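A short write-up of the structure that comes next.
Everything numeric here is computed off the predicted structure, so don't read it as measured data. Each chain gets a letter, A, B and so on, in the order the sequences are listed, and its residues count up from 1.
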Amino acid sequence: MECLSMSESYPPHSETKWQKAWTDSGAFQQGKRSGRPTFYCLEMYPYPSGKMHMGHVRNYTIGDSIARYRRLAGFDVLYPMGFDSFGMPAENAAKEIGAHPREITDGNIKTITAQLQRMGFSYDWSRRIMSHDEKYYRWNQWFFLRMLEQGLVYRKHAAVNWDPVEQSVLANEQVIDGKGWRSGAVVEQREIPQWFIRITDYAQQLWDGLDDIDYPEHVKSLQKDWLGRSEGATIGFAIEGDTNSVIEVFTTRPDTIFGVTFLTLAPEHPLAEKLLIGTEFEDEWSSLRDEVRVMSDFDRGMLKEKKGVATGRYAIHPLTGDKIPIWIGNFVIASYGTGAVMAVPAHDQRDFDFAKEYEIPIHNVLAEKQDAEVKDLEKAFEGHGWMINSPRTGFDGLFGEDAKRAVIDAIEKENCGKGSIQWKIRDWLISRQRYWGTPIPIIHCESCGAVPVPDDQLPVKLPDDVSFSVQGNPLESSPTFQEADCPSCGKASKRETDTMDTFIDSSWYFLRYTDALNDEKCFEPEVVNHWMNVDFYCGGIEHAQMHLIYSRFWTKALRDLGLHDIDEPFQSLLCQGMVTHATFAKEDGTWVLPTDVNIENGVASLKSTGEPIIIGRVEKMSKSKKNVVDPASIIENYGADTLRLFILFAAQPVAEMEWSDQGITSAWRQLNLLYGLPQSIESWGTDTSEIDAWLSARLSQRVNQWRELMECNDLRGAVEISHFEIQKDLNWYRRRGGNNRDLGHSFFETWAHLLSPATPHLAEMWWNGLGNGDLLAARTLQETGELSTGQIAVLDRETWIRNFLEHARRVSRIAEKHIGKPPNSARIVICEEWKRDLAIAGLNHIISGENVKSFAANISNLKLVEQQDLGQVMALWGKRMLPQIFKWSDEDRRILLGALNEAEVISAAKEFICSELGLSSLEVGIDEESKSAMPMAPAVIYS
RNA sequence: GCCGAGGUACCCGAGUGGUCAAAGGGGGUGGAUUCAAGCUCCACUGCGCAACGCUUCACAGGUUCGAAUCCUGUCCUCGGCACCA
């Protein structure tokens, strides 16, 4: 039996004993348990850096509380953990220290696993996944081959984003502001053959799916930004003197078609060459093209100067037959839409500027206001308007969507275009010129081309005979890896040395977890269908675009390969907020760890030398700014449960959380207070009293409140109930004379369950200390059900007393000033019956849904008016009752409308009230002595 | 410029028409307990006051019997997108 004693403080080091007990009992392993609903709780698996940091701790504390709650609530919970262990940092470290990425990774995994276990997270470690395990990555290769068969994977010689620091290409999404997302290096454009996945085929599904999943609004908005859906029309313009070619343009504003005065092509547009070779404009065009070719899309976006080159050629307007000049523009992006734009200077500012610069006509075809006079434009009018100046009948006067529709109808009818949708998202470039990733299973044969590695030769393993001191891809340094025979013709060939983007690893690991030990298949369809989709997914907002889009895509792609039936991987997503901390710096600007700083009266100095320290902004904890707190030292000093309690109570899961040392000590204090509580019942007696019924009812009420909060992931609110409010309830019980040991025992047993999601070690210590031999973690908590009317009455009565005391105390403080000494006795005057009747009539009036204003008219018909002066009643209603009637809570209303007798309650609690107010005597009266007495608020006359 | 999230008391933070002078925590003040400190418990923590008043939830208006909450406008903070046709 655990030794619980009030004098002893919470023992952080015995937490490991319970961790071992959980592991030994297999409490967190799950399987198909018949009759239990499933719950899949998941956190984004981490990259195994050397140490667990506070961000991890927060993320997993949230997930663990949810998982533990669901187990308690009777679910079969899948809660696995693993490591996203492929990737650049290990390879870079290998280059630096001359080790192998595998050794570094395995070492890190060992360290961080021990730290995660020390936090008491309830993972089923038997399902652990590691991306760099060939048993895992072989399936990346297998999927790649299936997608290749489906035409979902293709190879293209393309200009791509090259990160000169990582020595590898990057996907579009991995280029932020023209820089590599990890290295921060300015990205260059290179032309190399690369592997792509056709994620664009799924753009519409990825867009539509957002309606069916429960993601935070800002994440949905981020994803929509990335997908970049534009609705409009693709329109073909014939070229004068060239019947074989058509210039296709995409526009979101078909309603401006009659305002087109020129076309602009991207410099790399295939037709540009055809139109310009051999013309006087050729040189100008080719230099513009060369200039633009080396720029990323981002740099093009940054172009200040809009440059154009005329072609001397004309296109034919499909609806009017007008001749319109064709230009080349440096701002047109070849890879978006069709790489050609119909330019409408009157209604697009960029075209307007261009037209002014090159003296191209501007045709105003949309009126800003209906029937307004049309003037020359000083700038483009880009809003929706009424069509005007249409050279064809049937268009003028149409507005907005109607106008667009009418134009699309016309071009469709005349076979020169159609309504269409364009996307900003591009195909996913997955080739990386790096070692520490999944080898792409392709063999390049001189005669057969790129040949897939046959399934029975999978996995293509990463070779060990590589050197990490070479420039470029270490895979190319392997003497054995590249040599392979062509699977098709048998000729000596070369293996592909690109590896896959590591986002592929994280795009399906959640599927693998469900059937993690399957050696035959990536997973059994029935098993995936049984568990998926993930009911609660928790991770950082930084993955809102890449990981969360790729995973959604991959899930749909595998579904279409017939591997499972799931449409969306994550039903509900929670992005936990950042953990922040003040930054500290020396005067020369070098960052200093918080633990090295002493703060007194807001002035900071370095502990070691006393030199002054500047307190900087509160920012996200980061190694580079050194504003970090190492979880390990907190666990060592205060235990995992203190850290968990602090994290859950300091802020809502989605909110930013500022680290505070005071917060930790305050959590520690509360934990210690709770720790000793069960022991205290040993000094209780066996008396039963009326307050016993209250404690039981209160606990049931608390359990219900707590469950409700846990159901909607309001962990902070739930912890407030389980770790603070119930303790105060217990105090009240004791204050009111409660002293029943048996009741206390069952009270603590139930309460222990509520403690367990947030502070599982403490909960087990309680459970054990109360004489139970089993593990709390393996138990479920039955639903309490709704409170009975009897229980509600008991609770209401006590609420009334508490409210009354609060009211009486307030009056007492003022009375004291008048009497000149603390009051010694009090007369409590309950309001007259008619006031109560009036209140009840008024309440019933508004409860029935009537407007409160109409009640005054009913007053003269009330029975109470027979005894009372109507004027007095009306005055009370207007002045005091009307404002008050809405201030009564549901509880108050119930009490008021119910059978509670105020005088009787006071009399029954007379002694208690006297001692609380420090009075020697108390009497209760119902008369007209005090006009101020109101229902629920008796007058208190002190003397 | 566009989109999204916000602005609540000394601090953190809950609160989306009346239960709000506004939960909870921290900090502060007073009291009880203690030889004492810590812990714990109780009370107070906008102003006024023998209750019924006044002022307050970024700012300014509006709707309503009633607004922290709804509407309009303004200011500010954070995040994302941005010559995407």
Which part of the nucleic acid, if any, lies within contact of [X], taking any heavy atom under 4.0 Å across all strands shown: a base, the sugar-phosphate backbone alone, or nothing?
X	value
Arg893(A)	nothing
Asn731(A)	sugar-phosphate
Gln884(A)	nothing
Tyr942(A)	base
Ile885(A)	nothing
Glu725(A)	sugar-phosphate
Gln662(A)	sugar-phosphate
Leu222(A)	sugar-phosphate
Lys620(A)	nothing
Arg810(A)	nothing
Arg734(A)	nothing
Glu806(A)	nothing
Lys887(A)	sugar-phosphate
Val940(A)	base

* Of Gln670(A) and Ala650(A), whose nearest nucleotide on RNA chain B comes first from the 5' end? ->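 Nearest-nucleotide comparison on RNA chain B picks Ala650(A).
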* Pairwise C1' distance for rC41(B) and rA50(B), with rounding to whole Å ->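 The answer is 29 Å between these two C1' atoms.
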Distance-only check: which donor-acceptor pairs under 3.5 Å involve side-chain atoms of residues 800-808 of chain A, not counting sequence neighbours?
{"residue": "His807(A)", "atom": "NE2", "partner": "Pro938(A)", "partner atom": "O", "Å": "3.0"}

Could you tell me the Watson-Crick or G-U partner of [N], where both distances fall under 3.5 Å? Say none if there is no partner.
N	result
rC81(B)	rG1(B)
rA9(B)	none
rA14(B)	none
rC44(B)	rG28(B)

* So, is His218(A) close to the rA5(B) phosphate, meaning a side-chain N or O under 4.0 Å from OP1 or OP2? ->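 Answer no for this pair, as no side-chain N or O of His218(A) is under 4.0 Å from OP1 or OP2.
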* Asked: Going by heavy atoms closer than 4.0 Å, what residues in residues 251-260 of chain A are next to RNA chain B?
  ->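 Within residues 251-260 of chain A, the residues near RNA chain B are Thr251(A), Thr252(A).
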* Asked: Are any non-hydrogen side-chain atoms of His363(A) and Thr256(A) less than 4.5 angstrom apart?
  ->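 Not touching, per the 4.5 Å side-chain cut-off.
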* Would you say the side chains of Tyr675(A) and Thr759(A) form a donor-acceptor pair under 3.5 Å? ->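 On atom types as modelled, these side chains do not qualify, holding no pair under 3.5 Å.
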* Asked: Does the ring of Tyr733(A) carry Arg698(A) above it, NZ/CZ under 6.0 angstrom from centre and within 45° of its axis?
  ->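 Here Arg698(A) fails the 6.0 Å and 45° test against Tyr733(A).
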* Asked: In whole angstrom, what separates Met657(A)'s CE from rC78(B)'s C1'?
  ->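 Whole-Å distance recorded here is 19 Å.
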